[in-house]
Enquirer: 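For reference, the structure I am asking about is given below.
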Number of protein chains: 2
Amino acid sequence: MSDMTSTADAPRSPGRPRSIRADEAIIEATLDLLAEGSTIEALSIEAIATRAGVGKATIYRRWAGKDALLLDALRRLKGVMPQPAGDSVRDDLLLLVGAIGQNADPRASKIMPCLVPAVNRSPDQFQLYQNIIAPRRQLMREVLRRGIEEGLLRADIDVEVTMALLTGPMLIQRVLQWNPDLDGRKLPAQVVDTVLDGIRAR
Amino acid sequence: MSDMTSTADAPRSPGRPRSIRADEAIIEATLDLLAEGSTIEALSIEAIATRAGVGKATIYRRWAGKDALLLDALRRLKGVMPQPAGDSVRDDLLLLVGAIGQNADPRASKIMPCLVPAVNRSPDQFQLYQNIIAPRRQLMREVLRRGIEEGLLRADIDVEVTMALLTGPMLIQRVLQWNPDLDGRKLPAQVVDTVLDGIRAR
DNA sequence: CATTAACGATACGGAACCGATCCGTATCGT
DNA sequence: ACGATACGGATCGGTTCCGTATCGTTAATG
């Protein structure tokens, strides 16, 4: 998996080279089908080939099977990580929280729910998931630590728990549509401000 | 679907009555298979029949198809709702938050992730999901409103957002294992107390 | 132009699951 | 004992998918 085309440089190539368009088409077809609601195991190589306008053999020539293909396709989905400005802790948190479940690729939000069961079943896919979200989590961790150093945030908070508090509501709402009454646009600010100030009267 | 055995009372019944054991076995087999990691559409009537020690015909005699069977099986899973004591708002929240993703049936937490994709795809199953969690949400809503009336909680908080704040972290942790470093046992208290007091220094 | 390999298309055997139907048996009310 | 019905088990034809094989075609190299 993911040796893919080339090892670059080399002057080699006897026969017809592999078409980059086919690579693209296969990956795109995979993501499209997932985004349209297919589950991972309902997803078939045949369907992908048809959708991509490609022979099945062309897929098997590149990947060992569905799993290897999926791995590559999902990697391609990742999207851009937001970059906190560093001026205001609240603004930075707002940026990171607002980005949760909103990737550059609009298909991502439709695909993520399909992965939940897989993540729980296969340690490999769990690790893949963790690898994808780890950098984002690290970003939020740094913002919170900075807030503590600056004295804006209490020094005794548990940073990991706080991250769960900021992330959880966004995820269940965007991935699970947990509460239809909530407004997805206003939610990031509401979450950040409520976590900052708490709900206890004083 | 769900006409099932009986309409109670009636003196009717010419032939051999349906075995309650078969009903039980079929439902149990369905839940077991789901809990073992089968996805909804990977789940087959044959597998269920085999696991239940039952002929396929026995299943088709009771339900129109897989969907109808699943609906009944999931209803059976619901489990017991916690009952807030009403003395302390914090204790009540702790009880409700601690119960999230922890049903009476230990299989529930393994099955829930499998439902996430289905919930997003089918309006019917989305409605089913909403119907299951609605009573629990109502319970938490009432505790929060009581807290406001008692003056313990600020009057200007958004109750729906607060519920998402309390529920989200528990769900992503228990369903998704979002952060392996978090301690599931301590989490409810940490979530409740952090939401109550906020993280801002003062 | 000859060579070489990837191309799209299609077919294959094998497997899994579906809904439907039929056994012969077991268990009810009458 | 009798009809009626449910039981577990088995089988059928149809569908879908997998992974491989084989077409004639196409595109680069030499």
Side-chain angles (χ1 to χ4, degrees), chain A residues 1 3-30 33-34 36-73 114 118, chain B residues 1 3-30 33-34 36-70 72-73 114:
Chain A
M1 61 281 350
D3 50 341
M4 302 284 303
T5 8
S6 83
T7 359
D9 65 274
R12 323 158 295 87
S13 62
R16 173 176 176 176
R18 290 195 176 163
S19 101
I20 309 179
R21 302 187 48 187
D23 283 289
E24 280 299 324
I26 294 168
I27 297 282
E28 288 301 304
T30 306
L33 288 172
L34 279 178
E36 281 165 20
S38 169
T39 356
I40 283 196
E41 70 264 337
L43 193 66
S44 72
I45 299 282
E46 293 200 335
I48 295 174
T50 302
R51 173 64 151 264
V54 148
K56 281 203 295 175
T58 302
I59 296 183
Y60 282 109
R61 213 168 280 132
R62 292 153 209 264
W63 292 278
K66 192 163 65 177
D67 289 352
L69 169 56
L70 268 175
L71 211 79
D72 269 17
C114 304
Chain B
M1 58 278 352
D3 49 344
M4 303 284 303
T5 6
S6 84
T7 356
D9 65 275
R12 323 160 294 90
S13 64
R16 173 177 175 177
R18 291 191 176 167
S19 106
I20 309 181
R21 302 186 50 190
D23 284 290
E24 281 298 323
I26 294 168
I27 297 280
E28 288 301 304
T30 306
L33 288 173
L34 279 178
E36 281 167 18
S38 168
T39 354
I40 284 196
E41 70 263 340
L43 193 66
S44 73
I45 300 281
E46 276 191 353
I48 295 173
T50 303
R51 172 64 150 264
V54 147
K56 284 204 295 176
T58 302
I59 297 183
Y60 283 111
R61 213 168 279 127
R62 292 153 206 261
W63 291 277
K66 192 163 65 174
D67 289 351
L69 168 55
L70 268 176
D72 269 16
C114 304

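Below, all heavy atoms of this structure are taken into account, side chains as well, without hydrogens, waters or symmetry copies. Labels below follow one simple rule: chain letters A, B, ... track the order of the sequence lines, proteins then strands, and each chain is numbered from 1.
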Enquirer: Provide a list of protein-nucleic acid N or O atom pairs under 3.5 angstrom, restricted to nucleotides 2-6 of chain D.
Expert:
from, atom 1, to, atom 2, distance (Å)
dA6(D), O4', R16(B), O, 3.3
dA6(D), N3, R16(B), NH1, 3.2

Enquirer: Return the CD to CD1 distance between E46(B) and I59(B), rounded to the nearest 0.5 Å.
Expert: 10.0 Å
Enquirer: Could you give me the stems involving DNA chain C, meaning stretches of three or more consecutive Watson-Crick or G-U wobble pairs whose two defining distances are both below 3.5 Å?
Expert: C:1-30 with D:1-30
Enquirer: For the residue pair L71(A) and W63(A), establish whether any side-chain heavy-atom pair is separated by less than 4.5 Å.
Expert: no
Enquirer: Could you tell me how far apart I48(B) (CD1) and dC18(C) (C1') are, to the nearest whole angstrom?
Expert: 13 Å
Enquirer: Which residues satisfy the side chain to side chain contact (heavy atoms under 4.5 Å, CB included) test with A57(A), sequence neighbours excluded?
Expert: R61(A)
Enquirer: Would you confirm whether S38(A), through its side chain, and L34(A), through its main-chain N or O, come within 3.5 Å as a donor-acceptor pair?
Expert: no
Enquirer: With A52(B), which residues qualify under side chain to side chain contact (heavy atoms under 4.5 Å, CB included), at least two apart?
Expert: A25(B), I26(B), A29(B), V54(B)
Enquirer: How many Å lie between CD1 on I20(B) and P on dT27(C), as a whole number?
Expert: 15 Å
Enquirer: Is it true that E36(B) and R51(B) have a side-chain N and a carboxylate O under 4.0 angstrom from each other?
Expert: yes
Enquirer: So if I define the base as every atom that isn't primed, P, OP1 or OP2, how would nucleotides 12-18 of chain D read as a B/S/- string at a heavy-atom cutoff under 4.0 Å?
Expert: -----BB
Enquirer: So, using side chain to side chain contact (heavy atoms under 4.5 Å, CB included) as the criterion, who are the partners of E41(A) when residues are at least two apart?
Expert: T39(A), K66(A), R121(A), T39(B), E41(B), A42(B)
Enquirer: Return the value, rounded to whole Å, for the distance between atom CZ of R51(A) and atom C1' of dG8(C).
Expert: 18 Å
Enquirer: Counting the atoms with a prime plus P, OP1 and OP2 as sugar-phosphate, which does G65(A) contact under 4.0 Å by heavy atoms, base, sugar-phosphate, or nothing?
Expert: nothing
Enquirer: Write down the distance between CG (D67(A)) and P (dG19(D)), rounded to a whole number of angstrom.
Expert: 9 Å
Enquirer: Please work out if A57(B) contacts a base, only the sugar-phosphate, or nothing of the nucleic acid, heavy-atom cut-off 4.0 Å.
Expert: base
Enquirer: Mind checking whether L43(B) and L70(B) have side chains closer than 4.5 Å, heavy atoms only?
Expert: yes
Enquirer: Closest heavy-atom contact between I48(A) and L69(A)?
Expert: CD1-CD2, 3.7 Å
